[in-house]
Number of protein chains: 2
Amino acid sequence: MEVTIGKTRAKASPEVVKGHFPDKFKTMQCPITNVLDRISDKWSIHTIILLGKSEKLRFSELMKGIHGISQRMLTVTLRSLEEDGLVSRQVFAEIPPRVEYQLTDLGRSLLSQLIHLSEWASENMTKIFESRERYKTEKV
Amino acid sequence: MEVTIGKTRAKASPEVVKGHFPDKFKTMQCPITNVLDRISDKWSIHTIILLGKSEKLRFSELMKGIHGISQRMLTVTLRSLEEDGLVSRQVFAEIPPRVEYQLTDLGRSLLSQLIHLSEWASENMTKIFESRERYKTEKV
DNA sequence: CCGTATCCCGACGGATACTG
DNA sequence: CAGTATCCGTCGGGATACGG
């Protein structure tokens with residue numbers, strides 16, 4: 001597995017090469033990096049894991065389930081998950097409006113990976129915290 | 001597996017509750033979130049994967065291997081990986097100086113998780129890119 | 001209820017210059 | 001070589017207000 005990071009633009013104009021890279025160049029990065037960037041997003045991970053626990057969830061249910069997320073970030077997160085085909089969105093023409101989200105097959109296949117990752121985190125966080133403490137005191 | 005996101009401060013003073021949360025409160029988040037935050041960092045993932053390919057690597061070798069990273073971010077990344085006990089750092093008292101980094105056992109156990117994740121990414125990125133294209137055209 | 005639009009602050013991280 | 005220190009632009013994302 002070859003992972004190329006950074007911008008893989010062939011030959012950009014010099015004034016673009018220097019300085020910061022605008023958003024439009026992000027899509028031209030290494031594909032794996034590109035995909036991992038989305039996946040590794042904090043809110044995305046938790047949204048997917050939460051959706052994995054229930055078949056379908058409404059917007060407001062997700063808000064309650066993901067402690068600390070703002071309405072804006074939930075919307076943004078759900079849109080990009082939908083864009084990537086990981087989550088499906090169904091709007092009901094009712095009053096009051098109802099919108100239901102659920103994982104797609106692709107989303108569920110990612111879920112299992114994320115569960116492994118978060119299990120690793122929960123199994124090893126004690127070691128990590130101990131290591132941080134050790135590092136802190138050594139620094140003093 | 002219960003995942004609590006966000007700030008779990010019990011009762012902060014009102015003027016702190018409102019507005020942004022400074023760095024010092026990040027450590028008081030949910031442990032799993034806390035650990036995942038570090039792990040899901042773009043540069044950390046690639047540093048770990050690169051270190052997984054070789055037994056030991058020098059600072060300059062890592063610089064070359066991780067395309068696009070700055071000296072500053074490599075230093076910062078390596079320090080936090082060392083702090084978390086995922087990477088070990090060995091300094092040789094030579095002129096010119098030599099510093100070698102390698103994964104710890106903990107780091108290697110994380111590596112296998114990350115490899116699974118990036119294999120998932122490379123297996124499914126076509127689907128994801130197709131989905132993004134579809135989304136884009138639907139939006140028009 | 002489920003968003004979108006706007007404002008705005010502060011963290012992230014690149015560029016650069018300097019050391020042991 | 002392997003960093004550290006500083007400056008500073010960019011942008012993620014919270015708060016808020018409003019729309020269908």
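Throughout, protein chains are lettered first and strands after them, A, B, ... in sequence-line order, and every chain is numbered starting at 1.
Only B:Gln71, B:Arg72, B:Thr75, B:Arg79, listed by number, bring a heavy atom of residues 71-85 of chain B to less than 4.0 angstrom from any atom of DNA chain D.
You'll find the side chain of A:Val87 stays beyond 4.5 Å of the side chain of A:Thr47, heavy atoms only. Annotation: side chain of B:Met63 is in contact with side chain of B:Ile69 (closest heavy-atom distance under 4.5 Å).
Taking 4.0 Å as the cut-off between side-chain N and carboxylate O, A:Glu133 and A:Lys136 count as a salt-bridged pair. Ionic pairing of B:Glu100 and B:Arg98 is present here: one or more N-O contacts between side-chain nitrogen and carboxylate oxygen are shorter than 4.0 angstrom.
One interatomic measurement links the two molecules: CZ of A:Phe92 to P of C:dG3, which rounds to 12 Å at whole-angstrom precision. The nearest whole Å value for the distance from the NZ atom in B:Lys42 to the C1' atom in D:dC11 is 14 Å. Rounded to whole Å, atom P of C:dA11 lies 15 Å from atom CG of B:Asp37. Rounding to whole angstrom units, CZ of residue B:Arg98 and C1' of D:dG3 are separated by 16 Å. Rounded to whole Å, the distance from NE2 on B:His46 to P on C:dG13 is 14 Å. In this structure, CD of A:Gln90 is placed 13 Å from P of C:dC2, rounded to the nearest angstrom. At whole-Å resolution of the value, CZ in B:Arg38 and C1' in C:dA11 are 15 Å apart. We find that CD1 of B:Ile66 is positioned 15 Å from C1' of C:dG13, with the value rounded to whole Å.
Comparing B:Ser60 and A:Asp41 by the nucleotide of DNA chain D whose heavy atom lies nearest to each, the residue mapping closer to the 5' end is B:Ser60.
With a 6.0 Å cutoff to the six-membered ring centre and a 45° limit on the axis angle, A:Arg89 does not count as a cation-pi contact of A:Tyr101.
Side-chain atoms of B:Ser88 never come within 3.5 Å of backbone atoms of B:Thr104 as a donor-acceptor pair (strictly under, hydrogens ignored).
Of the listed nucleotides (C:dG3, C:dC2, D:dG3), D:dG3 has the atom at the smallest distance from the side chain of B:Arg89. Taking every side-chain heavy atom of B:Pro97 into account, C:dG20 is the closest of D:dG3, C:dG20, C:dC2.
Taken over five-pair windows at either terminus, the axes of the helix from C:dC1-D:dG20 to C:dG20-D:dC1 are inclined to one another by 50° (rounded to 10 degrees).
From B:Asn124, atom CG reaches atom CD of A:Gln113 across 9.0 Å, with rounding to the nearest 0.5 Å. Atoms CG and CG, from B:Leu86 and B:Leu51 in turn, are 10.5 Å apart once rounded to the nearest 0.5 Å. One distance of note links CG of A:Leu103 with NZ of A:Lys56; it measures 12.5 Å at 0.5 Å rounding.
Look at B:Ser70 and you won't find any side-chain N or O under 4.0 angstrom from OP1 or OP2 of C:dA15.
Among the protein residues, B:Tyr101 comes within range of the sugar-phosphate backbone only, with heavy atoms under 4.0 Å from sugar or phosphate atoms but none that close to a base.
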